[in-house]
Structure formats: structure tokens, C-alpha cells
Visitor: 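The structure's right below; bear with me while I get my questions together.
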There are 2 protein chains.
Amino acid sequence: MSPSKTPSTIPEESETGVEGGRRRATINDIARLAGVSKKTVSRVINQSPFVRDETRERIEAVIAEWGYAPDPQARGLAFRRSFLIGMIYDNPNPQYVVNMQLGLLDGMRGSGFELVVHPCNRASPTFLTDIRAFVERQKLFGVVLPPSVSEDERVAKLLNEIGCAYIRIASVELDKPEHMIVGQDRMGGAQAARHIVELGHKRIAFISGPETFRSSHERRGGFEDGLAEAGLSLSPNDIVQGAYTFESGVACGDELLSRSPRPTAIFCGNDEMAAGVLQSARKAGLSVPQDLTVVGFDDFQIAQAVWPPLTTIHTPTREIGRIAVEKLIGDERREPRDVTKMEPNLVIRQSSGPVPA
Amino acid sequence: MSPSKTPSTIPEESETGVEGGRRRATINDIARLAGVSKKTVSRVINQSPFVRDETRERIEAVIAEWGYAPDPQARGLAFRRSFLIGMIYDNPNPQYVVNMQLGLLDGMRGSGFELVVHPCNRASPTFLTDIRAFVERQKLFGVVLPPSVSEDERVAKLLNEIGCAYIRIASVELDKPEHMIVGQDRMGGAQAARHIVELGHKRIAFISGPETFRSSHERRGGFEDGLAEAGLSLSPNDIVQGAYTFESGVACGDELLSRSPRPTAIFCGNDEMAAGVLQSARKAGLSVPQDLTVVGFDDFQIAQAVWPPLTTIHTPTREIGRIAVEKLIGDERREPRDVTKMEPNLVIRQSSGPVPA
DNA sequence: CTGAAAGCGCTTACAG
DNA sequence: CTGAAAGCGCTTACAG
């Protein structure tokens, strides 16, 4: 087909080179077999437009035949950037972490990128140093930051300084559009409020997440927005501070349910706390939803594992992860990189019902 | 201190090179600054004994001063092996996955290795091809296989063929000692049996995990061992097949509790199913532990989130992860690489109690 | 549209 | 105990 300077075989190949072959093909092998220079093969790999169609097709055929895939380490060394994407997170919820990882992997499937996970601790004295060492040493292509580390301005500043691409996943827009995926927790809070209002409740309480999570404020704010639409509002007394944990849900539930008159509906900042309230209600001898309506947020596994199954606000965590990666590795020329917004939605199960007569 | 052939500075360094420095030091910089060849620096990095103490100290001082860390990509390219460790898994439990990841990261802290996660699906037609491509392309240093993918002999065979180091985490020894970490689920099953027997139960049932998980068999076998110690045994009728899911726990609970006479104690293959049985008991109007004793396995988060909190068998997932990595990257000369065994242990909470009068 | 040279930051033989 | 040369598998200038 075309002259090749050396024999058209790969040294040491005893079998097919694909199945059970001893040595993987390199760019040199492909170049030789296709009768071109390695630079031209490189152009094909990197989708350069400056290759004649005929040449490209010939090279692509050889690549396919040999099952060649460029070595990410060599490519990374030359590019001065690896093909690794870091997930840096401090979210304590296993379900969230796993869903997010699956979403990120969805987004990089077939791209040649790999996911490197990096839990962190914002309270650690080496917090920023650790992240910097991780990113610089691995020459990460980019990082994805879920809440609450996504809300830390120091991290964003650091990443900008060292020139590392990043996506922040948060409940509000806290950075330039190209860096943001917004979960719109506020909208979810309003959905919960409308549902509770429609059921006729008036004595309504809210269990908030920790102050340090932006989502705590958004979910509360949205809830108040939704109540306001019906002319209702939350007094400071109606808001109790939890910690997004099951135990804190129990404690907050205990406090709210001991009041007189007690609330007929409680909206919780997440499912864990809602599950805690369910347990608190049981201890108090109250039936859900007959005596008390409980609404959660997130729609993680626990929402369906408790009894009764929780009415909650579903957040599309996995989809958010996929879109985050696509935004990170995506084709810059494809579209203006505006902020990406995701919508939560209400899932009605059995923990919510009409206000008791 | 010693002659250096070129000026003792790093080009382009405008600041300290550590904080806010523009360029990271390379092996060449260190060699020049220490007045040695890069090969000698390489010897220090790789802990070669053939370096004079004085030389080593001088080089180490320069390395520390500049905060130099070798580039993993360049090192990997030369070594023909990356510094990435893969976790290949198909375990459906988020808590297990996260705990295992944390354990693996514990084991690699400070080592320069990074963790690349790779969920897989044993039912996929490209299952083995995917794993092969992942391992070969990334030139993985090694992989850790938790259950149930750890139980797949095809994967072990593939890894052996392509010469990739691996550790299998399983409930029994299914490979050479150097490849195994054994969870000893059998022992845990026996612990559950002894606890139930001590409480005086005679009508005892077992809800098994899926046939495809080795742990299902081990947990049952251990449970039967423990019962046998007290002269008790399980008839085929006392064993119901679940699927390690909450829903399957509900279904199996429904079946067992509709029998007459019904069992007074149910041992479940994992916590998820035990939580399902709790829900089933509630539907049937039974109190736990007054009317029914329920015992789980794993001691994941859900064990404490349900009501009553579950008596269960704690498995040290995170520790197992740490030890798996240590075994993988550990110093070969340190010790004979025998099989590593981990012990589960009984955690008594409120779902178990004396047999009803 | 294509290629020869130099380089990314390390290590492996091979000498001494 | 130490070093100069060659190479790992790619890409970036620079030519043509």
C-alpha cells in the first residue's frame, strides 16, 4: 500500500497483539505500519484537521486493526497535563458520594480519562496544601468539587492560581458560569412548601442543616418563599438547627414534638434528618402521616428504607456528575459555556398527608 | 558546599518555587543544585543503598528545600508502570464502597500512589475486555477487588496473564496467600448463632443473600456451625432466599412471619435485609425484640438508623481496605506474604432479646 | 498536508 | 559509590 522503512511487523509479536499479545503497539508501530511519520499518527490521534482524508483513513484502519490506544502517561508527559480528573469532596453522605462518582464516570466513559478520588477535610491544617500537592503532582486535567468543599472560596482561588480547570457544584451560582453547576435547592424548598400547604397544614416547622452548608440556607430560603406564596411564614421559633445527620434529626424531632401545640408538618433539610424525625415521632407515640407530616430532601436510598417511605425532594446527583465532567472535558468551541442549572422535583410517598382534623 | 556546573538557581523562579513559584523543580534542578548527576538523585528517590551517606544527605536537603517531588507520569513512563491503584468493584452497597475507598486511601497516604475507581458489571458482554483495557492502558500498579467481583476466577486469570498485581478481598481463601484478604464471614455467622442461642431461641430462621455472593454461603455455613454447637440445626424450610436488598428483606420477612408457628428469631445475611424484616414485622403488628429477634450483618449506617437499632455483626471494611493496599504496595522483603485474615465481631443493640415466654 | 529534530522528566542498562 | 548515554511513548515548535 505504501512504502515502509522497516518490516511491517511489531517485534516480539507472537500472537495477535490484541489477544494475549505480549507487547502493546506504540505510535511508532502504527506509523511504520501505515507508512507515515509518527507525527502524522499523532495528528490523527489529536484530531488535527491537517491530514489528508486518505491518509487519515489508512492510519485509522491500522489503529483499529491493532487495537492501538495512546499511552496516557507518555501523552500526559508531553502535554504537561495528565488525563486524570479529580473528585475532591468532603460530603459525609455515602449515597451522595457514590452517585456523584457514577455520574462523573458516566461523563468520561470512552474518553480515555480516569477518575481519581480525593476525600478531604476542611478543618485540617494541611487542607489547602494537600489539595495543591495533589493537583500539581498529578498534573490533573481538572477537578470537580461537590458541596460543601465547592463552597470554599480558598479552594477556587488556589485552583485559579495554579491554572487547574474546575467545576463547582453548588446550590447557588458562586463563580463564573463556566465553573458552575447549580442545583437550585431553593426551588426544591419551594416545592416542599407548596406540597405541605396544599395538604392544609398551618403549624409548620423546619429543621435546618448546618450553617456551614450553603444548601441549608437555600433549602430554608426556598421553603419560606413557597410558604409566602400562601401567605404563611416561619417564625424563628419554627426553625430548629440540625446537622444533616440521623441523630440530629431525632434530637430536633424530640424538641419540636414536645411543644404544645406541636407542629403538624415538619420539613427537614435532608432525608437523614427526616428519618430521625420519624423515629422521634414513633417514640412520642405519633403516627405518620396521620398525626404528623414529614418531608425530606435528596431522595437517597434511606428515603425508601424507612417506614413510612418519605415524601422528599429528588435531586439528580448522578446527572449532575455527568454534566460536570462533560463541561470540564467538553469541546470548548461547541457552545458558550454558560452556567448549568439542574432542577429538583417533588416525590410524594407516604410520610405526608392532610392536616389532622 | 560542592561544585555545581551551572548557576545554583532554577530558571524563571520569581518567588520561592514552593509557594506561588511558577515552575516545579525537576530532577535536573535538584541534581544541579546538589552538584551531582541526575542518576544519583534518582538513586536517592528510589532508596538505592549505593549512595554515600554524605551525598544522600546533601541531596535530601536540596529536595526538602525545594519541595521537590518526582513527576509520577515521567517516572511511570520510565518504569513502564504507573503509580495508580485501581479499585474494581460491583458491590451495590454505597456504604461499603465508600468505607472501602477510605480504607484504600488510608493505606496509600503519603506513598505517592493515587486511587482510580472502576465500577464494573459482571453481566456486561464487555466485562473482561473493559477491565483489561483499563488495567493495560493505565499500566496500573495493581488492583484491589472487593466482593463479588473478587470471586470471579476469570478476572484473577486475566490479571495473572497480563502481569498485574492484585488483591482479592473475599470471605474465604480463593487464591494464593499473597493475593488474599479473608473476611472470615463464617466466623461472624457463628457469632450471630451463639448470641441467638444464648437468648433461648429455638424457632430460628435465616434469610440468605443471593447465591452468586460467596458471603451468602459463608454466613449461612457459619450460622449453622454456631447452631450445631448447641445441638440445633436449620431445616431447608428455615432458610429463605433474599437478595441483600431492603425490599427482599421485606418480602422474606412477610413470608416467614406469616407462618404458624412463626420463628422467634431471624438472622439476616446483611443489614439491609434485616431492616426490611423490621418493616415487615411492623406491618404484621409484631414488636422487636419482644415478639421477634432480628440480627443483621455488616454494621453499616443503616443498622443504627432503623428502629430498633440492629444487633449485627461488624465487619472492619475500612481496615480491610487499608491492609489490602499495604499488601499491594508493601515492602516485599519485609515479611512472608501469607494470607491476611480479618475478624468480624458481634455488636449487640436493641433488635435482639430473650425468646418470648 | 507531512516530517525530522528536540524535548517532556524520569529510569535502565552499561561503564568506570 | 557515581555518571554519560540511550530510551520510555508521546507532543511541540520549526521546516518544508
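In what follows, chains are A, B, ... by sequence order, proteins preceding strands, each numbered from 1.
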Visitor: Can you measure from CG (Leu104(B)) to CD (Glu114(B)) and round to the nearest 0.5 angstrom?
Guide: 12.5 Å

Visitor: If you find the nucleotide of DNA chain D closest to Arg52(B) and the one closest to Val41(A), which residue's nucleotide is nearer the 5' end?
Guide: Arg52(B)

Visitor: Whole angstroms only, please: what is the NZ-C1' distance between Lys39(B) and dT2(D)?
Guide: 10 Å

Visitor: Given 3.5 Å as the limit, does a donor-acceptor pair link the side chain of Thr317(B) with the main chain of Met100(B), or not?
Guide: no

Visitor: With pairs defined as Watson-Crick or G-U wobble and both distances under 3.5 angstrom, please note down DNA chain D as a dot-bracket string, | for pairing with another strand.
Guide: |||.||||||||.|||

Visitor: Are Thr55(B) and dT2(D) close enough that a side-chain N or O sits under 4.0 Å from OP1 or OP2?
Guide: yes

Visitor: Apply side chain to side chain donor-acceptor pair (under 3.5 Å) to residues Gln101(A) and Gln101(B) and explain how you reach the verdict.
Guide: CA-CA 12 Å; Gln101(A) 289 178 355; Gln101(B) 289 178 354; 2.9 Å; yes

Visitor: What is the distance, to the nearest angstrom, from the CZ atom on Arg81(A) to the P atom on dT12(D)?
Guide: 12 Å

Visitor: When you compare the side chain of Ile27(A) with that of Ser42(A), does any pair of heavy atoms fall below 4.5 Å?
Guide: yes

Visitor: Atom CZ of Phe50(A) and atom P of dA13(D): how far apart are they, to the nearest Å?
Guide: 15 Å

Visitor: Could Arg168(A) and Glu153(A) be called an ion pair, given the rule that one side-chain N must be under 4.0 Å from one carboxylate O?
Guide: yes

Visitor: Fit a plane to each ring of Phe141(B) and Phe113(B), take the angle between them on a 0 to 90° scale, and name the class: parallel (under 30°), tilted (30 to 60°) or perpendicular (over 60°).
Guide: perpendicular

Visitor: Just verifying a value: how many Å separate Thr340(A) OG1 and Ile320(A) CD1, rounded to the nearest 0.5 Å?
Guide: 10.0 Å

Visitor: Nucleotides 7-10 of chain D: which of its N/O atoms have a protein N/O under 3.5 Å away?
Guide:
from: dG9(D); atom 1: N2; to: Ala74(A); atom 2: O; distance (Å): 3.3
from: dC10(D); atom 1: OP1; to: Tyr68(A); atom 2: OH; distance (Å): 2.9
from: dC10(D); atom 1: OP1; to: Asp71(A); atom 2: N; distance (Å): 3.1
from: dC10(D); atom 1: OP2; to: Ile27(A); atom 2: N; distance (Å): 2.7
from: dC10(D); atom 1: OP2; to: Tyr68(A); atom 2: OH; distance (Å): 3.4
from: dC10(D); atom 1: O5'; to: Tyr68(A); atom 2: OH; distance (Å): 3.3
from: dC10(D); atom 1: N4; to: Lys38(A); atom 2: NZ; distance (Å): 2.8

Visitor: When you measure from the side-chain N and O atoms of Ser37(A) to the phosphate of dT2(C), is any distance below 4.0 Å, counting only OP1 and OP2?
Guide: no

Visitor: Does a side chain donor of either Ser148(A) or Asn91(A) reach within less than 3.5 Å of an acceptor in the other side chain?
Guide: no

